[in-house]
Enquirer: 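Got a structure for you, questions after.
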Amino acid sequence: MGLMEDYDPLKGKMFQILKPDGTVQSGMSPPLTDQETLTLYEKMLFIRLADQRCLSLQRQGRFGTYAPIWGQEACQVGSASVLQKGDWVFPAFREIGATLIMGIPLKNFLLYWMGDEMGSRAPEGMNVMPVSIPVGSQTLHAVGAAWGAKLKGDKVVTVVYFGDGATSEGDFHEAMNFAGVFKAPTIFFCQNNQYAISVPRSIQTASETLAQKAVAYGFDGIQVDGNDLFGVMVATREAVEKARSGEGPTLIEGVTFRFGPHTTADDPTKYRTEKEIEPWKALDPLVRLRLYLREKGLWREEVEQRVTEEAQKEIDQAVKDAEAAPTPAVEDIFKYVFAEMTPPLKEQLEYLKSTLK
Ligand SMILES: Cc1ncc(C[n+]2csc(CCOP(=O)(O)OP(=O)(O)O)c2C)c(N)n1
Ligand SMILES: [Mg+2]
């Protein structure tokens, strides 16, 4: 039996390989060699450090705003790392992890949050769509792209990232319905981080799990421990293989927690307590992997220090390069939605220019 049958979302059983204490569930095995695990751990650490830097860049006024990944690294690294060349990622706004794993240079990622449209332009051959701010809208784009690829006979899949809150949006339901009917090769990756800004998961939906929403649309859904890198990888790989072989979409709910603010524009102490955060700290995806690697003799304090130092240097350079980029032209705000600017956009551009004089 496949994973999707074993973990029927209506039965409320969450898939997990790596337990919080760093040991593997009995009868299961990790999808990676020890060396590969160490490499992915280092990438997760890099992502966490880059994310922290982004937060401080915003606090220093060098970013407009920022939505931190902190806590959700396993969801993104686990899922994006099983994709193949040619596959596409459709991010929301919290996807530094998936974006970097897909090969986008950190400099480009930084540019976007510095307000430069060039940050949305993926280098040739790196299939990551621009950040999507309207909640859930990118689910439709991912399904459209997947369907288009299917019609063309391209064996690619699309992965769309969104949050628990996005599952209450009409766009999400339209995308799920369409994907089910047309068997679009799309993986719906829901990062259930327990909050949509200040709205807790408990009042987001009366459904017991988010994964079970797939049942209504006639395809598989699975709830996976989103802080378990191995579990996320195995669940995503199965969904990807299924999609690639023409068997249609899957909804994956990664159960995780957002340790930071929603974005730099809010203060989470206003809507959640320290007591609520405490149990999640023990479930931190990096802590768990570190415990696993330490047991194997692969993690030592010196390794952590060396990787941290190297990462900080690389991040410093990316920040320098991004800040040295030419100041973007005001036209850039208007230029890239349509092949040709529409009359209202032209009017708005002229207005903006007149106010800048
Ligand atoms: C269509 C739309 N409605 C409202 C907003 C304001 N908004 C931005 S993020 C957000 C919550 C999203 O929560 P969730 O989907 O759980 O994603 P998370 O931020 O937790 O990653 C809201 C309501 C928006 N950007 N777009
Ligand atoms: Mg959320």
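Atoms within each ligand, like the ligands themselves, are counted from 1 in listed order. Source: prediction; values computed, not measured.
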Enquirer: Please report the interatomic distance CG(Leu283) to CZ(Phe257), rounded to the nearest 0.5 Å.
Expert: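 So the gap between those two atoms works out to 10.0 Å.
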Enquirer: Side-chain contact test, heavy atoms from C-beta onward, threshold under 4.5 Å: evaluate it for Thr264 versus Arg59 and give yes or no.
Expert: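 Yes, side chains in contact.
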Enquirer: Within the 4.5 Å heavy-atom criterion, are Arg62 and Glu323 side-chain neighbours or not?
Expert: yes
Enquirer: Who passes salt bridge (charged side-chain N to carboxylate O under 4.0 Å, His left out) against Asp316, sequence neighbours left out?
Expert: Arg53
Enquirer: Working to the nearest 0.5 Å, report the span between CD of Glu340 and NZ of Lys346.
Expert: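 Those atoms lie 6.0 Å apart.
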Enquirer: If you round to the nearest 0.5 Å, how far is CZ of Phe63 from CD of Gln58?
Expert: 9.0 Å
Enquirer: Quick one: pull up OG1 in Thr23 and CG in Leu18 and give me the separation to the nearest 0.5 Å.
Expert: 7.0 Å
Enquirer: For the Mg ion (ligand 2), how many protein N, O or S atoms come closer than 2.8 Å?
Expert: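 That number is 3, waters not included.
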Enquirer: Do any side-chain atoms of residues 176-191 form donor-acceptor pairs under 3.5 angstrom with protein atoms, and if so which ones, sequence neighbours left out?
Expert:
unit_1	atom_1	unit_2	atom_2	d
Thr186	OG1	Thr158	OG1	3.1
Gln191	OE1	Gln72	NE2	3.0
Gln191	OE1	Gln76	NE2	3.1
Gln191	NE2	Glu95	OE2	2.8

Enquirer: For ligand 1, give me the residues whose heavy-atom distance to it is below 4.0 Å, by chain and number please.
Expert: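 Answer by chain and number: Phe93, Arg94, Ile133, Pro134, Val135, Gly163, Asp164, Gly165, Ala166, Glu169, Asn193, Tyr195, Ala196, Ile197, His262.
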Enquirer: Can the ring centres of Phe230 and Tyr292 be said to be less than 6.0 Å apart?
Expert: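 Ring centroids of Phe230 and Tyr292 are less than 6.0 Å from each other.
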